[in-house]
Amino acid sequence: MKRLMILNGPNLNLLGVREPHIYGTTTLAQLHESCEKHAKHLGLELSFHQSNHEGELVDWIQSARQTADAIIINPAAYSFTSIAIIDALKTFEGPIVEVHISNIHARDELHRHSRISGAVTAVIAGLGPYGYIAAMSAVAQMKKG
Ligand code: CA2
């Protein structure tokens, strides 16, 4: 397990800027920096992306088949809608961890039922930005496949 791709879905570029009562005060840039530090600590190569566009996320997932051994994805609002992301994730052979900053299970009906969860290896929700760090430690000790 060497190469890790972290993907962030729509509006996560606003982390730390809006709705801090739900998503906290850590910005996406700060999150990226702490993931880079943890990747070094774990000996992982990291690529870290955010997009507001479903097709771009699908393109990165497809490219991960050649460039990554594991994926960590916060699909954000696409968790609840995207068959395209589910189909792309199903083509990836390594471990996939779905991360949510908030505890989606304790939220309103609209934000409660991720359709992505059925296509991933593990799900982390409600740990704040630390969820990404926990997911990285988990994939670092997983075998490929
Ligand atoms: O808790 C999470 O990580 C979510 O994936 C975030 C999504 C939400 O739709 C999911 O239910 C749970 C929303 C991301 C929007 O990000 C924002 C960040 C700051 C301010 C506004 C939106």
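Atoms within each ligand, like the ligands themselves, are counted from 1 in listed order.
Looking at R3 and D69, a side-chain N of the basic residue comes within less than 4.0 Å of a carboxylate O on the acidic one, giving a salt bridge.
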Protein N/O near ligand 1 N/O, under 3.5 Å, which pairs?
unit_1, atom_1, unit_2, atom_2, d
ligand 1, 1 (O), I101, N, 3.2
ligand 1, 1 (O), S102, N, 2.8
ligand 1, 1 (O), S102, OG, 2.6
ligand 1, 3 (O), N74, ND2, 2.8
ligand 1, 3 (O), I101, N, 2.7
ligand 1, 5 (O), N74, OD1, 2.8
ligand 1, 5 (O), H100, ND1, 2.9
ligand 1, 16 (O), N11, O, 3.4

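Using modelled atom types and a 3.5 Å distance limit, the side chains of S114 and E98 yield a donor-acceptor pair. One side chain, N8 or Y132, offers a donor N or O that lies under 3.5 Å from an acceptor on the other. Residues H32 and Q30 have side chains that never bring a donor and an acceptor to within less than 3.5 angstrom of each other.
Annotation for E56 and S51: closest pair OE1-OG, 2.7 Å, computed over non-hydrogen atoms.
With sequence neighbours excluded, the residues satisfying ring-ring contact (aromatic ring centres under 6.0 Å, His included) with H49 are W60.
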